[in-house]
Q: 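The structure's right below; bear with me while I get my questions together.
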Amino acid sequence: MTEVEQERKAKENNGDLGRGYSKRNNLIYLDDTLVNGADANSFETVSWDWAKDKMHYYYLGKPILEIDYPTFKLLDYHYSIDKNHVYYDDKIIEGADAKTFKYIDGSQDAKDKNSCYRYGEKVDCNVLLEE
């Protein structure tokens, strides 16, 4: 086990799961707010805003029930996809095509076969940053 893994395990043993999450009395909390329905045995942080357990992904402690769990993938800090949807943070980007969706690295810009997006909102494709 590496030093980083040992440090993480020590924090978990003290109830600290990282990113503001903690495990107390077999319940999961984000700061001092209970994460309703979270499975304490499988719960883990995924990124700064995202966590998961064996059943759901959570955005800032809130389960996002629309997510297709097996196909969900974080693309960057804000954009993510599953086989059915494109997400900006915890919101579905209506009309975005998950199969062709691509974010532009280092920006909040993205595009798919139908449209272009900035901060998860449709924009004129002429305003996008070049890839």
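Here, residue 1 is the first one in the sequence, and each next residue gets the next number. Reckoned from all heavy atoms, side chains included, excluding hydrogens, waters and symmetry mates.
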Q: Minimum heavy-atom separation for Ala98 and Val86, please, with both atom names.
A: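 Shortest heavy-atom separation between Ala98 and Val86 comes out as CA-CG2, 3.6 Å.
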Q: Do you know the tightest heavy-atom contact between Ser115 and Cys125?
A: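 Shortest heavy-atom contact: C-SG, 4.2 Å.
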Q: Can Tyr21 and Asp16 be counted as having a side-chain donor-acceptor contact under 3.5 angstrom?
A: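 Result is no, nothing qualifies.
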Q: Identify the heavy atoms of Lys52 and Tyr58 that sit nearest to each other, and give their distance.
A: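 So the two residues come closest at CA-CD1, 4.1 Å.
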Q: Measure from the side-chain N and O atoms of Thr45 to the backbone N and O of Ser47, and report whether any donor-acceptor pair falls under 3.5 Å.
A: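 Not confirmed, Thr45 side chain does not pair with Ser47 backbone.
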Q: Of the non-hydrogen atoms in Val127 and Arg118, which two are nearest, and what is the gap between them?
A: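 For Val127 versus Arg118, the nearest heavy atoms are O-NH2, 2.9 Å.
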Q: What distance separates His85 NE2 from Ile93 CD1, expressed to the nearest 0.5 Å?
A: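 Nearest 0.5 Å value for the NE2-CD1 distance: 11.5 Å.
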Q: Can you list the residues that meet the salt bridge (Lys or Arg N to Asp or Glu O under 4.0 Å) rule with Lys62, with sequence neighbours excluded?
A: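 Testing Lys62 for salt bridge (Lys or Arg N to Asp or Glu O under 4.0 Å), a comparison that skips the adjacent residues, returns Asp90.
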Q: For the ring pair Phe72 and Trp50, is the centre-to-centre distance below 6.0 Å?
A: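 Between Trp50 and Phe72, which both carry aromatic rings, the centre distance is below 6.0 Å.
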Q: Between Trp48 and Leu60, is there a shared hydrophobic cluster once you connect ILVMFWY residues whose side-chain heavy atoms come closer than 4.5 Å?
A: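 No, Trp48 and Leu60 fall in different hydrophobic clusters.
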Q: Around atom CG of Asp124, are there more than 12 heavy atoms from other residues, nucleotides or ligands closer than 6.0 Å?
A: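 Above 12, so yes.
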Q: At their closest point, which heavy atom of Lys111 faces which heavy atom of Cys116, and how far apart are they?
A: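 Closest approach of Lys111 to Cys116, heavy atoms only: CB-SG, 4.0 Å.
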Q: Taking the side chain as everything from C-beta on, heavy atoms only, tell me whether Tyr87 gets closer than 4.5 Å to Tyr59.
A: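 In short, these two side chains do not touch, never coming nearer than 4.5 Å.
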Q: May I ask you to check whether Asp82 and Tyr69 show a side-chain donor-acceptor distance below 3.5 Å?
A: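 Tyr69 and Asp82 do not have a side-chain donor-acceptor pair below 3.5 Å.
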Q: Tell me, please, which residues at least two apart from Lys73 pass side chain to side chain contact (heavy atoms under 4.5 Å, CB included).
A: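 Per chain and number, Lys73 pairs via side chain to side chain contact (heavy atoms under 4.5 Å, CB included) with Leu75, Ile81.
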Q: Just by distance, do the side chain of Asp53 and the backbone of Met55 share a donor-acceptor pair under 3.5 Å?
A: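 Answer holds: yes.
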Q: Could you tell me which non-hydrogen atom of Thr71 sits nearest to which non-hydrogen atom of Lys83, and how far apart they are?
A: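 The answer is OG1-N, 2.9 Å.
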Q: Less than 4.5 Å apart, side chain to side chain, heavy atoms only: is that true for Leu74 and Val46?
A: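 Result yes, sub-4.5 Å side-chain heavy-atom pair found.
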Q: Give a yes or no on whether the backbone of Lys113 and the side-chain of Thr100 come within a donor-acceptor separation of less than 3.5 Å.
A: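 Yes.
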Q: Ring centres of Tyr117 and Tyr103 under 6.0 Å apart?
A: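 No; Tyr103 has its ring centre 6.0 Å or more from that of Tyr117.
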Q: Pairs of donor and acceptor atoms involving the side chains of residues 31-43, under 3.5 Å and at least two apart or interchain, shall be tabulated with distances.
A:
from	atom 1	to	atom 2	distance (Å)
Asp39	OD2	Ser42	N	2.9
Asp39	OD2	Ser42	OG	2.6
Ser42	OG	Lys54	N	2.8

Q: Taking everything shown except Tyr77 itself, do over 12 heavy atoms lie less than 6.0 Å from its OH?
A: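 For Tyr77, atom OH is not crowded (no more than 12 foreign heavy atoms under 6.0 Å).
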Q: Counting C-beta onward and ignoring hydrogens, is there a side-chain heavy-atom pair between Leu17 and Glu44 closer than 4.5 Å?
A: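 Counting from C-beta outward, Leu17 and Glu44 never come under 4.5 Å.
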Q: Could you tell me if the side chain of Gln108 sits less than 4.5 Å from the side chain of Tyr88, heavy atoms only?
A: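 Yes; the side chains approach each other to less than 4.5 Å.
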Q: Quick one: does His56's side chain get under 4.5 Å of Leu65's, heavy atoms only?
A: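 Contact flag for His56/Leu65 side chains = yes.
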Q: From Tyr29 OH over to Lys23 NZ, what is the distance, rounded to the nearest 0.5 angstrom?
A: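 Tyr29 OH to Lys23 NZ: 12.5 Å, rounded to 0.5 Å.
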